[in-house]
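Inspection log for the structure reproduced underneath, given as structure tokens.
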Amino acid sequence: MDAAQFSRFLDRLGPDHLSKRLYLQTLHTAVKFGARGLHVYIENFDAVAPYLKALLKISGLWGRAVRNSTNYEVVEHTVPLARLPRAFHGFRILHLSDLHIEGIVDQGQQLRAVLSTLDYDLCVFTGDFRFLTYGDYHHTLAHMAELVKAIHCPEGMIGILGNHDFLEMVPGLEALGIRMLLNESTALSRGGDTLWVVGVDDTHWYEGDDLDRALKGIPPDAPKILLAHSPELIPEAASAQIDYYLSGHSHGGQLCLPGGIPLKTGSWCARRFVKGAWESGTVKGYTSRGVGCSLLPVRLFCHPEIVIHTLQCQD
Ligand SMILES: [Fe+2]
């Protein structure tokens, strides 16, 4: 990060957030522990991967699990929202989460083919662009440069960082046309109506979320969509009168038992929030199973998903 970039991040994040994130990025890289009381996070232990691969091969599941990793399910999800402005009735949001893009076995070929057939107004990325949680991210950006060629929509692309992403990736992602929200917001306008998209930094590892900062300047009763990497901010979202909460992180379990029962969710919240559509009080949300994989390009009983949310007025 050069001095000019550092200065821009300082303005956008503030000194406390910037220093904490850079410190934790170094800590994760060095010792591979998380922020919450030095918990060990399995997705940061790539040494586990060879053992998991051996286990899948011995059990005869390896080939099927790898094939599943690019067998994308396109999910059409219609969601009525009580405060949605009339002009946004029928607004379609392409939701891509947890791409872990340089880990995709066919370099994103099938993914780009599927995306090119879809029709939507806005594309959002809910974090985890990179495969590993540390190290070189230039391959990630190169793969993202190919992917965005397959994304075409009038309202463009908006993204947030996940726990696999470093702050230093932001300028590269923004150069690709992705408006990155670092505890920030952006307004969408249609026919005189406004819908806000609010994005927070990763809470799961980096505890970088600052919803108050992200909401600055937005009228409290304005309709708002929250992008947060994990579904771990539901109480905060309810307090902030968030209308729709989009997240990922859990990968839906990635390796599941028959019936899609996750062996692990990697999320500090109830299991009912870790995949698919959910409601909690006044907040509606959707947690994506994700597009990519972490540790290894494998999925069992948990296909990768590309979600299109169609917003509807509730009345
Ligand atoms: Fe992820």
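Note that ligands are numbered from 1 as they come in the structure, with each ligand's atoms numbered from 1 the same way. Nothing here was measured: the structure is a model prediction, and the numbers come from that model.
Without hydrogens or angle criteria, Gln254 side chain to Ser294 main chain gives a donor-acceptor distance under 3.5 Å.
Aromatic ring pairs are classed by plane angle as parallel below 30°, tilted from 30° to 60° and perpendicular above 60°; the pair Phe88 and Phe91 is perpendicular. Ring geometry for His77 versus Tyr244: interplanar angle under 30°, hence parallel rather than tilted (30 to 60°).
By the criterion of a separation under 2.8 Å, the protein N/O/S atoms near the Fe ion (ligand 1) amount to Asp98 OD2, His100 NE2, Asp128 OD2, His251 NE2.
For the residue pair His229/Asp128, the side-chain donor-acceptor check at 3.5 Å is satisfied.
With sequence neighbours left out, the side-chain contact (heavy atoms from CB on, under 4.5 Å) criterion links Cys302 to Cys256, Arg289, Arg299.
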Salt bridge (Lys or Arg N to Asp or Glu O under 4.0 Å) evaluation trace for Arg190 with Asp121:
CA-CA 12 Å; Arg190 277 198 160 190; Asp121 298 294; 3.2 Å; yes

